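Single-structure report; data block below.
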2 protein chains.
Amino acid sequence: MIRRTSQDIRRLNRFEVLRRVYAGPGAMSRQDVAAATGLSFATVANLTAELLEAGVLVEAGHEESGGGRPRARLAVNAERGALIGVDIAETSVHAELFDLALTVRHSVERPLPPGDVRPSDVVDALAGAVGELLAASGTDRARVLGAGVSVPGMVEREGGVSSFSPYWSWHEVPLRALLDERLGLPLWLDNPLRASTVAEMWCGAGREVDDLVVLTLRAGVGAGIAIGGQLYRGFTNSAGEWGHTCLALDGRPCTCGNRGCVEAYVSLRGIAETWRELAPGDARATGPDDAVTVAALARAADAGDPAAAAAIDRIGRYLGAPVATLVNLVNPQVVVVGNQVVDLLGERLLPVAYEAVGRHALALPHRAATLCRSTVPHNPVTLGAATFALEGFLDDREVFGPVSRMRKAAKGGAGAGG
Amino acid sequence: MIRRTSQDIRRLNRFEVLRRVYAGPGAMSRQDVAAATGLSFATVANLTAELLEAGVLVEAGHEESGGGRPRARLAVNAERGALIGVDIAETSVHAELFDLALTVRHSVERPLPPGDVRPSDVVDALAGAVGELLAASGTDRARVLGAGVSVPGMVEREGGVSSFSPYWSWHEVPLRALLDERLGLPLWLDNPLRASTVAEMWCGAGREVDDLVVLTLRAGVGAGIAIGGQLYRGFTNSAGEWGHTCLALDGRPCTCGNRGCVEAYVSLRGIAETWRELAPGDARATGPDDAVTVAALARAADAGDPAAAAAIDRIGRYLGAPVATLVNLVNPQVVVVGNQVVDLLGERLLPVAYEAVGRHALALPHRAATLCRSTVPHNPVTLGAATFALEGFLDDREVFGPVSRMRKAAKGGAGAGG
DNA sequence: GATCTTATTCGAAGGGTTGGAAGAAGAGCG
DNA sequence: CGCTCTTCTTCCAACCCTTCGAATAAGATC
């Protein structure tokens, strides 16, 4: 039922080549790319020619040669266009403008009203943020190649519909339709898990690797899965919902209505809750903002507070078991953990968690998997959202046609077009 | 790093076409296959021509036509050759002979000595069973296209090495090397999880579906995952190890040395254990053979024993939560449950389990997934093992060369061979 | 400036799929 | 029986993609 054509090969190879150039430490030659991808040199030359023609890559000088023709250095043409990545979170909308090299150029954050946010609130905040972004950076809207938007919960990607939100009582909200005319930009919707994963694939530990799991730990938690170098979406684009894995039968109540979910233990809220359990009288553990509480926990632990240390120890064990589940089930090459929880607690939490993973996972998949912290700078969700836009642009048949078209263009000149 | 060539497309399409013929209710025309696979008619004609020439398919009469040329019926040529599937289990070796249509022709079972079985014991039993199989069925060894062997635990497939066995103290046992000369047959090794999965893909619910999870519940438990119509193996061929998912922090001890694993609750042993917990005095629950105990549990429940009913209820809940984990994480189209536990307890256990899955899984992936019992007849592990041999045969470049070779052969006749 | 060495480009070949024309095979009817 | 109609199959040319190897380009070195 899955249609496989040779053009898919082309498309994947195009992605692969470009990803290597992004990955490269700034000086990637065609030779390097060929070696790294395993493609023949001719193919790499083909693909880079196409990417050069499209303006996505540029040749930036030459490497030094020890005799013989020097290799041309390939680089991403950051100025080819702009990308926008938007992270819709529980309390705010965060929008960032990237250049084509995926470096942040401008950043805007707009708060959302507290409580049950309506779709129109989000649309207003988002459109406002994007407008501000463009104005502040002096970017012409026409130069923006696309905008990626991350919406929490379940997203029907093709239709651009948010079919379920964990925070607000949204059902089947047609976000794309609502945003389309307000933005006037090619739009790509998905959720934070998949955005973070794609960010890792282009800019993080996923660059070198085919089978990858990316853990997103913030207000909600979940996993993104990449298999064979491609994001795995599942049958209805909801694969990777790891947050509601049962960690403890009849355990803590979770926002999903169930008990004992992973999310109830290792989300920001779950972490705060564990601290409260272990430090009943501690006022620092009782604030309304979980992120603040977790930051306080980190400080308390650093200051040698024994209850805080005990809490982190326990949280690490809570985290280790379900990570081991992932390792056993997916058998990935790399597991990346990232986002707020890790930013706040990483130093202390991860060693404990890693050790717990070792106890729970089977030897073979455990040995095979490298666990690491995300090295993606800044907010992986906005970056990933922008990457969706980048991928969308790379799929544009107007820009990247079949090879024969190129050959014809090269031969026939500007002749009988149409 | 993954090399993608157009020949892979060909290979996958060949599989796809053949799988449809296996799936078909006995009368599949080229037209039907084209419609079912989404391939163009020309391609289907191409591929069937190749399969006909190789003798894998035959044309078996014509469909009735209401005017117009009647469609040719395609069928698998059962007599093209034989396949052997072997299931190495804890206490016995089960070997079966299949024809090419994957129907069982002969079946042999040999006990293994109790305790810590040596590799040579297994090799002897296996070689003996295969010999008996061939002798009893009067099959010439040369007619056997290959043998698939399922070994519990971790298997290094390429090298044919059993790198870890959960029952015996095996480490890096080179089974292929040991078996090769004894059998003199093309050999394919893997584990029961993946064997069952492949069996479902060719003969069960997986025929119609691209994203699939197959649960194997017997002495050990685990999942097989198929994605995009292909078995997913993970980085080191150990994906799907679901049995040691943590179900209850600090719960029951498991054979793996850990606590609270799924396997400790829903394997044959785990089920017996639960019954013992709930019916402390019941002698039926204390036998040495877990399969016998579980069968007794089924009878007790059928007879209206309240403790047995309570046990099944609880086991169903134990099963539901980790199945929901799979549903959330993999977001498959179908989840098939099968093997001994289901054979013995299915009627009573599965409804309870299904209900528990509904409570634990998220709405969207839960709605997307159909849970069903395996419809594969007989032992899915031997069948799956034989299917590995079938797949191996279909990959044989001697038999299924590139298209151009066919075209040449058709044109040039029997001329300048070599 | 000739020679060496290495990088790119180019063209032909090889592997695949597909749409459409041409051939094949029954059914129906005069 | 032969013609026509309909539908299935085969065959061919067109197209897409990768890759090998020869030819060409571009510095370094002597």
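Quick caveat: nothing in here was measured; it's all calculated off a predicted structure. Quick note on labels: first sequence line is chain A, next is B, and so on, each numbered from 1.
- Closest of all the heavy-atom pairs between A/R176 and A/G159 is CB-O, 4.0 Å.
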Item checked: Stepwise salt bridge (charged side-chain N to carboxylate O under 4.0 Å, His left out) check, A/R207 with A/E16 -> CA-CA 9 Å; A/R207 289 179 302 195; A/E16 198 77 8; over 6 Å; no

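- For A/R10, whose side chain is taken as the heavy atoms from C-beta onward, the closest listed nucleotide among C/dA7, D/dT18, C/dT17 is D/dT18.
- Among residues two or more places apart in sequence or in another chain, the side-chain hydrogen bond (donor to acceptor under 3.5 Å, both in side chains) test is passed with B/D395 by B/R11.
- Closest-nucleotide positions on DNA chain D for B/R71 and A/A42 were compared, and the one nearer the 5' end corresponds to B/R71.
- Between A/R30 atom CZ and C/dT8 atom C1' there is a gap of 7 Å when expressed in whole angstrom units.
- Evaluation of the ring-ring contact (aromatic ring centres under 6.0 Å, His included) rule for B/Y22 yields B/W202 as partners, not counting sequence neighbours.
- Between the CD atom of A/Q31 and the C1' atom of C/dA7 there is a distance of 6 Å, given to the nearest Å.
- We find that CG of B/N46 is positioned 17 Å from P of C/dG20, with the value rounded to whole Å.
- Separating the CD1 atom of B/I9 from the P atom of D/dC16 is a distance of 14 Å, rounded to the nearest angstrom.
- The side-chain hydrogen bond (donor to acceptor under 3.5 Å, both in side chains) check on B/R233 picks up B/D190, B/N237, with sequence neighbours excluded.
- Computed from coordinates, the A/E63 CD to D/dG27 C1' distance equals 14 Å when rounded to whole Å.
- Contacts classified as salt bridge (charged side-chain N to carboxylate O under 4.0 Å, His left out) and involving residues 27-39 of chain B (residues at least two apart or in different chains) are given here: B/R30-B/E59, B/D32-B/R71.
- Not counting sequence neighbours, the partners of A/E79 by the side-chain hydrogen bond (donor to acceptor under 3.5 Å, both in side chains) test are A/R105.
- In this structure, the nucleotide among C/dT9, D/dT9, D/dC16 sitting nearest to the side chain of B/F41 is D/dT9.
- Rounded to a whole Å, the CE atom of B/M28 is 15 Å from the P atom of D/dC8.
- The C1' atoms of five pairs define one axis at each end of the helix from C/dG1-D/dC30 to C/dG30-D/dC1, and these two axes lie 30° apart (to 10°).
- When distances run from any side-chain atom of B/T43 to the nucleotides C/dT18, D/dT9, C/dG15, the shortest one goes to C/dT18.
- For B/F393, the ring-ring contact (aromatic ring centres under 6.0 Å, His included) partners are B/F400, not counting sequence neighbours.
- Between A/D8 atom CG and C/dG16 atom C1' there is a gap of 12 Å when expressed in whole angstrom units.
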Please list each protein N or O that sits under 3.5 Å from an N or O in nucleotides 24-26 of chain C, with the distance.
unit_1, atom_1, unit_2, atom_2, d
C/dA24, N3, B/R69, NH1, 3.4
C/dG26, N2, B/G68, N, 3.4

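- Applying the 4.0 Å criterion to OP1 and OP2 of D/dC16, one finds that A/S6 has every side-chain N and O outside that range.
- The CG atom of A/N13 sits 13 Å away from the C1' atom of D/dC16 (whole-angstrom rounding).
- Judged as a side-chain hydrogen bond (donor to acceptor under 3.5 Å, both in side chains), and not counting sequence neighbours, the contacts of A/N331 are B/T236, B/S238.
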